[in-house]
Amino acid sequence: MYRPLPREFYNRDPIKVARELLGKLLLRQAPDGLTAGIIVEVEAYLARNDPANHAFRGLTRRNASMFGPPGHAYVYAIHSRWCLNAVTEPVGVPSAVLIRAVEPRQGLSLMRSRRGIDDPRLLARGPGRLCEAFAIDRSLDGCDLTVAERLWIADEPTELPVRIETATRVGVTSAQQRRLRFFVADNPFVSKPGRPRRRTI
DNA sequence: CTACCGATTGACT
DNA sequence: GTCAATCGGTAGA
């Protein structure tokens, strides 16, 4: 239990990884304590033909982690917030899954003090809020997610099977047509449910 | 060096 | 629903 998912889990098509990350447990061991939550919303960013991918125009200092081995974190900043991705596919193939929201399960008081709010639904709903609640910043860019040290993802055996819905990605202005956002149906911790039109898989 | 632009959030109509 | 604050990353002079 809470053993990190193996490297091979991430060494696959990011769409498959994204779907299977739903229901998994994200764990963060920070100096001030442990926080954990069930992943309920993700987005896939593809290595090919995906203009929304930060790596679409090639390797830069920011996106270097996406070109590295699968199973590592890619953390980047936008609008003064941090966002967490899990890198997928082999070295040189820059794809990733953005973790957009989790349902808090452990360390709620720590999350509340970091976020400055009480409502559990707002603690980690949205990629920037999630990183604030979990104390994730650029220092975790490149962190190996397959070792249980600072940041990892594990199976949550007690979690019931979930119904998955798809939608277009949030905030993406190019490649809008693709339904690369995946989230747990009817879960109140999802950042933006439903969106264009619903389709249950 | 400057200029532009978000894989966002929170406040507001 | 709309809107803008805000700042690191990137491209280009």
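In what follows, every chain begins at residue 1, and chains take the letters A, B, ... in the order their sequences are listed.
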Asker: Rounded to whole Å, how long is the line connecting atom CZ of A/R121 with atom C1' of B/dT9?
Answerer: 17 Å

Asker: Just the rounded figure in Å: distance from C1' of B/dA7 to CE of A/M66.
Answerer: 10 Å

Asker: Whole angstrom is fine here: how far is it from CD in A/E43 over to P in B/dT8?
Answerer: 7 Å

Asker: Can you tell me how far P of C/dT10 sits from CZ of A/R61, to the nearest Å?
Answerer: 8 Å

Asker: Looking only at the side chain of A/Y74 (C-beta and beyond, no hydrogens), which of the listed nucleotides B/dG10, C/dC7, B/dA7 gets closest?
Answerer: B/dA7

Asker: Under 4.0 Å between a side-chain N/O of A/R100 and OP1 or OP2 of B/dT8, yes or no?
Answerer: yes

Asker: Check whether any side-chain nitrogen or oxygen of A/R138 sits under 4.0 Å from OP1 or OP2 of C/dG8, and answer yes or no.
Answerer: no

Asker: Picking from A/L180, A/I99, A/N85, what satisfies side-chain contact (heavy atoms from CB on, under 4.5 Å) with A/V42?
Answerer: A/I99

Asker: Measure the distance from OH on A/Y76 to C1' on B/dC5 and round it to the nearest whole Å.
Answerer: 14 Å

Asker: Ignoring backbone atoms, establish whether A/R62 has a side-chain N or O less than 4.0 Å from OP1 or OP2 of C/dT10.
Answerer: yes

Asker: Looking at C/dT6, which nucleotide sits across from it as a Watson-Crick or G-U wobble partner, both distances under 3.5 angstrom, or is there none?
Answerer: none

Asker: Whole angstroms only, please: what is the CZ-P distance between A/R115 and B/dT9?
Answerer: 8 Å

Asker: So which of A/Q106, A/R114, A/Q29 actually passes side-chain contact (heavy atoms from CB on, under 4.5 Å) with A/T35?
Answerer: A/R114

Asker: With the threshold set at 4.0 Å, does a side-chain nitrogen-carboxylate oxygen contact exist between A/E103 and A/R125?
Answerer: no

Asker: Using the aromatic ring of A/Y45 (for Trp, its six-membered ring), decide whether it stacks on the base of B/dA7 within the limits of 5.5 Å and 30°.
Answerer: yes

Asker: Under 3.5 Å, which donor-acceptor pairs link side chains of residues 68-76 of chain A to any protein atom two or more places apart or in another chain?
Answerer:
from, atom 1, to, atom 2, distance (Å)
A/H72, ND1, A/G142, O, 2.9
A/H72, NE2, A/R7, NH1, 3.4
A/Y74, OH, A/H54, ND1, 2.8

Asker: Between atom CD in A/E132 and atom C1' in C/dT6, what is the gap in whole Å?
Answerer: 15 Å

Asker: Does C/dG9 have OP1 or OP2 sitting under 4.0 Å from an N or O in the side chain of A/T60?
Answerer: no

Asker: Which one, B/dG10, C/dC7, C/dG8, comes nearest to the side chain of A/A77?
Answerer: C/dG8

Asker: Please tell me if A/H79 has a side-chain N or O lying less than 4.0 Å from either OP1 or OP2 of B/dG6.
Answerer: no

Asker: Can any side-chain N or O of A/N53 pair as donor or acceptor with the backbone N or O of A/P94 at less than 3.5 Å?
Answerer: yes

Asker: A/W82 CH2 to C/dC7 P: how many Å, rounded?
Answerer: 12 Å

